[in-house]
Structures are given as C-alpha cells and as structure tokens.
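As structure tokens, the structure follows; a few thoughts come after it.
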Amino acid sequence: MDQDRKVRVRFAPSPTGGLHLGGVRTALFGYLFARQHQGAVVLRIEDTDQARFVPGAEEYIQECLKWCGIAPDESPLHGGEYGPYRQSERKERYRAYAEQLVADGYAYYAFDTAAELDALRATQPNFKYSHENRLQLRNSLSLAPEETARLLAEGHPHVIRIKMPAGETISFNDMIRGVVSFESSLVDDKVLLKADGMPTYHLAVVVDDYQMAISHVFRGEEWLPSAPVHLLLWEYLGWRQDMPQWAHLPLILKPDGHGKLSKRDGDRLGFPVYAMNWQDPKSGDLTKGFREMGFLPEAFVNMLALLGWNDGTDQELFSLDELIARFSVDRISKAGAKFDFEKAKWFNQEWIRRTATHELAVHAASILAAHGVTDTDEHYLADVLDLVKDRLTLLVDFWDQASFFFRRPEHYDLQAVLPKWNEEKTAFFLDMINKLENFDPWHSAELESFYKLAINASGMKMGELMLPFRIMLVGGKFGPHVFDIAALLGREETVSRMKQALTAFTGATL
RNA sequence: GGCCCGUUCGUCUAGGGGUUAGGACGUGAGAUUUUCAUUCUCAAAACAGGGGUUCGAUUCCCCUACGGGCUACCA
C-alpha cells in the first residue's frame with residue numbers, strides 16, 4: 001500500500017432515518033483523521049436498498065454534519081471529482097464488476113428465490129449458502145452451462161454470489177484492533193448483486209471505495225464479520241494494492257442493560273439519540289434530537305469524541321480544532337462504551353460557560369422568540385445572560401432561569417411567603433416602595449446596602465425580608481442574586497412588581 | 001449454535017511487571033451562597049476468575065466466565 005497517498009475518508013450512511021449518535025461519531029472520527037492529514041472528507045449515500053429508502057433522510061444527514069461543524073468536502077450536494085455520491089446513481093457500474101468476478105471464477109449466478117432460501121432456513125437451523133452446499137442449490141456452479149445460459153437468456157431473476165474459498169485464512173491489520181483473522185470456510189457466499197440489479201453493501205462498498213480512492217475507512221464494529229468478504233473482493237477485483245486501511249470503531253451501548261444503543265432507548269430513558277429532531281415521514285412520529293434538546297454543537301462533538309477516545313491527559317474539554325490536532329487512532333479504545341446522558345449534559349454545561357455571551361445570545365433570542373418574546377434589547381439580553389449563564393445545563397433552560405427578566409411573574413410561590421406574612425411586613429414593603437421610587441444610584445451594591453439598612457432599622461430578621469423581595473421580582477425561590485435582578489430590571493419595573501406582588505400577597509389594592 | 005471482537009470504580013477512562021491504581025461524570029458529607037444553582041473541600045467506589053511466565057503480575061501468555069457484534073437478495 002502506498003503510504004504517501006492522499007488521505008481520503010468517507011462517511012457512508014444509509015438514508016433510512018435520523019442520524020444516530022454512533023453514526024455521527026463515526027463521521028467525526030473520520031473527519032478528525034482526514035483534517036489532521038490534510039485529507040478529504042467524502043459523504044457517500046448508501047441507498048442501494050430501495051425498500052428502506054426514507055425521503056428527507058439524506059438532507060437530514062447533510063444538515064446534521066453541518067450543524068456539528070464536520071461537513072464533507074465532497075457529497076451529493078457539493079459534488080466532487082469522484083461523483084456521483086449516491087450509490088443508486090452509480091448502479092450501472094456495479095454489474096460489470098460482478099460479471100467480471102463470475103468470468104474470473106470468483107463468483108457465480110444463483111437462481112434460488114428468496115422464498116426457497118427462507119424455506120431452507122426454516123428447516124435447517126444453521127443454514128448457510130456456502131462451499132458445503134452450493135452444489136446442491138440452483139446456481140451456475142451446480143447447473144449445466146447451457147441451463148445457466150438459458151435461464152439468463154430468458155431473464156430469470158438471479159443474484160450473483162461470491163464464491164468463498166475453503167480452507168484459507170483471511171487476515172488484515174485493523175488500525176484499532178491489530179491483526180484480525182477469519183477462516184474462509186466459515187464465511188458464507190454473500191450476495192453481491194441483487195435480483196433488482198442493485199449491488200449489496202459488500203460489492204458497492206468495495207467498488208466505490210476503490211473508485212473514490214478512499215484511503216482509510218472508519219466504520220462500526222458491527223462490520224467486522226463481513227471484512228473477509230471485502231478483503232477477498234479487493235483481491236479478486238485486482239485492487240489489493242489500493243485497499244484502504246480499516247478502523248473498526250467500538251460500539252456505543254445502552255446505558256442500562258446491554259446491547260447497541262438504539263433510538264428506542266432514548267425514548268424509553270428520556271434522552272436524545274439522534275443529533276437533531278427527526279420526524280418520520282410515514283408515521284409522523286417525532287424523535288427528539290440533541291440540537292433541539294438544547295445542546296451546543298461544540299458540546300455534542302466534544303462528548304462524542306471522548307466516547308471511546310482520549311488524548312492520554314486529564315483534559316476533557318476540546319474544541320474541534322484541538323480535536324483535529326490531538327486525535328490519534330491508536331488512542332481509540334477497543335471496548336464498547338455505554339452512553340451516559342449525565343456526562344453528556346456536563347459537557348454542555350461546560351461549553352455554555354466557555355461560549356461567549358454574544359454567541360449564546362443568538363440561541364437565547366430564539367428561545368425567547370419561541371415563547372413570544374421578541375424585540376429584546378441586545379445589551380439587556382447580554383446582561384441577563386451574564387447573570388444566568390452559570391445556571392444553564394441545556395440552552396432551553398434559559399427560559400426557566402430567565403423568563404422573569406422579560407415577563408412579570410404571573411404566579412407567586414405564595415407558600416413561601418404567606419405563612420409568615422404579617423402587617424409589619426406589609427408596612428415595611430409599602431415604605432420600601434416609597435423609598436425606592438427616589439433611590440439613587442440604581443445599582444446592585446447600593447440597593448443591597450440600602451435594603452439591608454432598612455431591614456436593620458425595622459427590627460425584623462434578614463431572612464424574613466429577603467425571600468419575599470425575591471418572590472416579588474421573580475415569582476419563585478430561584479434565580480441570581482436578588483439585587484442584581486432589581487438593578488437589571490430597573491427602578492420602574494422593580495417598584496411596579498413590588499406593588500403588584502403586595503397586592504397578590506395581601507389582597508389589597510395599591 | 002457457529003464465527004469475530006472485547007473485559008480497570010455505578011458510568012467514561014488513565015496507567016502498565018514493583019503505583020497510596022490517577023482523572024472526570026454521577027453519588028454522599030461538609031463549607032460558601034440569608035433563594036436555588038454555582039463554587040470549594042472531603043469521602044465511598046475498580047484491575048472478572050483460574051492457571052502459567054517472573055524474584056514480583058492489574059499489566060505478558062493460555063483457559064474459563066461474562067458482555068457485545070455478526071450470522072438477509074439491510075446497511
């Protein structure tokens with residue numbers, strides 16, 4: 001293999017629905033590797049299974065990659081020198097290679113119908129189309145040449161299968177796992193070309209990776225068992241010298257129980273599995289995504305990168321550029337990792353803190369807009385953000401944490417004030433309202449000392465008068481320092497909220 | 001069942017023949033914050049088991065167990 005050849009990696013998803021966490025991570029690792037080596041990133045859509053094609057899925061995939069900041073250099077959308085980038089549009093290319101394999105004795109025509117094979121599988125528990133039984137089945141190896149020719153000429157439906165050799169050891173050097181070996185006798189005669197003329201993944205992946213000059217392949221561990229088929233195909237097609245290097249990534253597992261993480265686990269456990277919202281065009285079912293759940297793409301990508309990789313230090317927070325610089329395949333772990341949503345949220349919290357206020361403001365503004373709050377002053381929004389930034393885990397928390405800055409409280413936590421309310425407090429707040437109407441300067445620190453002085457003068461306790469003031473401005477027992485809130489709300493709004501709340505607390509009209 | 005891959009705190013992981021086996025998330029306790037969150041401090045918490053190799057194995061090898069993946073004219 002040419003060690004100096006240009007790095008070209010591809011991400012080859014199937015457009016069958018939303019993009020799963022694991023898929024994004026595969027794309028990410030490939031992207032990091034390619035960028036680090038000044039290589040190209042290719043998106044190829046594997047849509048050879050027309051029965052599973054879902055409209056909109058391809059656009060969704062492109063959008064996901066873009067959101068994550070790992071958009072490809074070549075894709076169905078951007079084009080490129082190696083197009084087309086949809087397998088369905090490359091359909092014509094595959095048949096010739098399959099025929100060539102037949103001609104060279106590495107593959108054969110098979111006329112067994114799917115129903116016949118299903119019947120065999122039903123009777124023989126471990127049925128496998130292989131060197132052991134292929135002569136008992138209906139194919140060009142068992143049939144007389146004239147018979148095969150006749151069936152072909154008459155247009156009988158048929159597939160082309162690889163003729164797996166017996167007694168060979170097939171091995172390759174995986175970038176993550178080292179040498180992996182298989183016994184060829186144990187691998188079945190996989191279908192290469194389907195009856196509808198479309199290639200299966202096995203044929204298409206080899207032909208496309210070859211034609212697109214792919215140098216390195218990152219894919220999930222679930223592909224390991226079919227690696228021997230691909231290996232042989234590279235060899236049989238005469239391209240062994242151009243075969244890419246493979247990295248089979250460990251799987252992302254369910255947080256509880258066992259097995260691969262699936263969309264269902266997210267629904268069941270209440271966290272997203274898809275990168276962005278996905279609405280199934282048929283059922284109309286909406287599956288929540290990380291983006292809409294309030295994740296920053298930086299956090300999502302950071303979290304994904306650390307799921308199965310680390311740089312050997314204690315650092316956990318990495319920007320995409322840092323990841324590109326530090327990434328290395330030999331630090332990818334071999335074992336599957338259980339997805340931990342709590343940790344994912346931690347990454348997001350950290351990223352919200354390290355994101356500049358003006359960038360966060362864009363998200364905050366759209367959250368406000370979603371709740372009907374528009375025409376917000378940008379300086380005011382920035383001030384609010386600076387006050388509540390540390391309290392956000394998800395971007396959408398902004399509404400819960402800061403809506404009172406934009407709307408007066410409609411409900412008060414009366415339980416927190418009423419049981420201890422008395423005439424003395426009513427008098428205190430009536431007096432305070434009067435004093436505040438003329439208080440100057442309207443700054444947090446000044447307000448605080450003034451307010452505390454008044455409490456002392458009243459003879460009441462600090463705690464008895466702090467909480468009610470907060471409830472008046474906020475509505476509940478939460479939020480930043482209460483005098484910061486008052487300062488930001490401004491004199492008019494603060495006083496007006498105090499009046500409104502006092503009415504609610506006492507039943508009197510002011 | 002067969003084949004392949006894997007196995008360090010609950011989770012993500014670092015480490016690597018001699019270490020108090022480190023960090024992070026989460027959890028618990030305390031401090032701070034006269035709200036809540038934050039922050040800070042501390043704590044509990046792991047080398048699957050058995051054989052080798054070795055002066056010495058968590059680290060290297062083998063076996064077992066366990067986990068996972070694949071076993072379609074799906075990718």
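Chain letters run A, B, ... following the sequence lines, proteins first, then strands; residues in each count from 1. Remember, predicted model here, so these are calculated numbers, not experimental data.
Between A:Phe505 and A:Tyr412, the ring-plane angle classifies as perpendicular under the 30° and 60° cut-offs. Aromatic ring pairs are classed by plane angle as parallel below 30°, tilted from 30° to 60° and perpendicular above 60°; the pair A:Phe290 and A:Phe300 is tilted. Between A:Phe341 and A:Phe339, the angle of the ring planes lies from 30° to 60°, which puts this pair in the tilted group.
Here B:C60 sits opposite B:G52 as a Watson-Crick or G-U wobble pair (both hydrogen-bonding atom distances under 3.5 Å). Look at B:A65: its Watson-Crick or wobble partner, with both distances under 3.5 angstrom, is B:U7. Pairing for B:U20 is absent, judged as Watson-Crick or G-U wobble with the two contacts each under 3.5 Å. Nucleotide B:G30 forms a pair with B:C40, judged by Watson-Crick or G-U wobble geometry with both contacts under 3.5 Å.
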Determine, step by step, whether A:Asp340 and A:Lys343 satisfy the salt bridge (Lys or Arg N to Asp or Glu O under 4.0 Å) criterion, reporting the C-alpha distance in whole Å, the side-chain angles of both residues, the deciding distance to 0.1 Å, and the verdict.
CA-CA 6 Å; A:Asp340 181 2; A:Lys343 186 80 185 240; over 6 Å; no
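Contact detail for A:Lys194 and A:Asp49: the closest heavy-atom pair is NZ-CA, 3.9 Å.
Atom P of B:A14 sits at a distance of 12 Å from the matching atom of B:C9, rounded to the whole Å. If you take atom P in B:G30 and the same atom in B:C70, they sit 48 Å apart, rounded to whole Å. Rounded to whole Å, the P atom of B:G23 lies 10 Å from the corresponding atom of B:C42. One P atom belongs to B:C47, the other to B:U7, and the distance between them is 16 Å to the nearest Å. B:G26 and B:U13 have their C1' atoms separated by 14 Å, with the value rounded to a whole Å. To the nearest whole angstrom, the two C1' atoms, one in B:A57 and one in B:U8, are 14 Å apart. If you take atom P in B:U32 and the same atom in B:G68, they sit 48 Å apart, rounded to whole Å. When the P atom is used for both B:G50 and B:A65, the distance is 15 Å, rounded to whole Å.
Within the nucleic acid shown, A:Val180 comes within 4.0 Å of sugar-phosphate atoms alone, with no base atom in reach, counting heavy atoms only. Using a 4.0 Å heavy-atom criterion, one finds that A:Arg177 contacts the sugar-phosphate atoms exclusively. Residue A:Thr113 is in base contact, counting any heavy-atom pair closer than 4.0 Å across all strands shown. Residue A:His248 is classed as having no contact, given no heavy-atom separation below 4.0 Å to the nucleic acid. Using a 4.0 Å heavy-atom criterion, one finds that A:Asp118 contacts no nucleic acid atom at all. Nucleic acid contact class of A:Gly308 (heavy atoms, under 4.0 Å, all strands): sugar-phosphate only. Within the nucleic acid shown, A:Ala335 comes within 4.0 Å of sugar-phosphate atoms alone, with no base atom in reach, counting heavy atoms only. Within 4.0 Å (heavy atoms only), A:Ala337 reaches sugar-phosphate atoms of the nucleic acid but no base atom. Across all strands shown, A:Pro480 has heavy atoms under 4.0 Å from base atoms, whether or not it also approaches the sugar-phosphate. When heavy atoms are screened at a 4.0 angstrom cut-off, A:Thr48 is found touching the sugar-phosphate backbone but no base atom.
Between A:His202 atom NE2 and B:A72 atom P there is a gap of 10 Å when expressed in whole angstrom units. Computed from coordinates, the A:Gln315 CD to B:G22 C1' distance equals 16 Å when rounded to whole Å. Straight-line distance from the CD1 atom of A:Ile252 to the C1' atom of B:G69: 14 Å, rounded to whole Å. The nearest whole Å value for the distance from the CG atom in A:Asn310 to the P atom in B:G23 is 15 Å. Residue A:Lys334 contributes atom NZ, which lies 12 Å from atom P of B:U8 at whole-angstrom precision. In this structure, CG of A:Leu317 is placed 17 Å from P of B:U13, rounded to the nearest angstrom. The separation between A:Ile170 atom CD1 and B:C3 atom P is 15 Å, rounded to whole Å. Atoms CG (A:Asp188) and C1' (B:C73) sit 12 Å apart, rounded to a whole Å.
Checked against B:G68, B:A75, B:C70, the side chain of A:Lys260 finds its nearest nucleotide in B:C70. Nearest nucleotide to the side chain of A:Arg331, out of B:G69, B:C73, B:G15: B:G15.
Taking CD of A:Gln500 as the start and CE of A:Met472 as the end, the distance is 10.5 Å to the nearest 0.5 Å. Taking CG from A:Leu249 and CE from A:Met175, the interatomic distance works out to 9.0 Å, rounded to the nearest 0.5 Å.
In terms of phosphate contacts, A:Arg353 brings a side-chain nitrogen or oxygen within less than 4.0 Å of OP1 or OP2 of B:U39.
Here side-chain hydrogen bond (donor to acceptor under 3.5 Å, both in side chains) pairs that include residues 470-489 of chain A, with residues two or more places apart or in two chains, are A:Ser444-A:Asp484, A:Glu448-A:His481.
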Restricting both atoms to N or O, compile the protein contacts to nucleotides 24-28 of chain B shorter than 3.5 Å, with distance only.
{"residue": "B:A24", "atom": "O4'", "partner": "A:Glu316", "partner atom": "OE1", "Å": "3.0"}
{"residue": "B:A24", "atom": "O2'", "partner": "A:Glu316", "partner atom": "OE1", "Å": "2.5"}
{"residue": "B:A24", "atom": "O2'", "partner": "A:Lys343", "partner atom": "NZ", "Å": "2.9"}
{"residue": "B:A24", "atom": "N3", "partner": "A:Lys343", "partner atom": "NZ", "Å": "3.3"}
{"residue": "B:C25", "atom": "OP1", "partner": "A:Trp346", "partner atom": "NE1", "Å": "3.4"}
{"residue": "B:C25", "atom": "O2'", "partner": "A:Lys343", "partner atom": "N", "Å": "3.4"}

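A:Arg408 forms no cation-pi arrangement with A:Phe404, by the criterion of a distance under 6.0 Å to the ring centre and an angle within 45° of the ring axis. For A:Arg326 and A:Phe318, the positive end is not near the middle of the six-membered ring at less than 6.0 Å and at most 45° from its axis.
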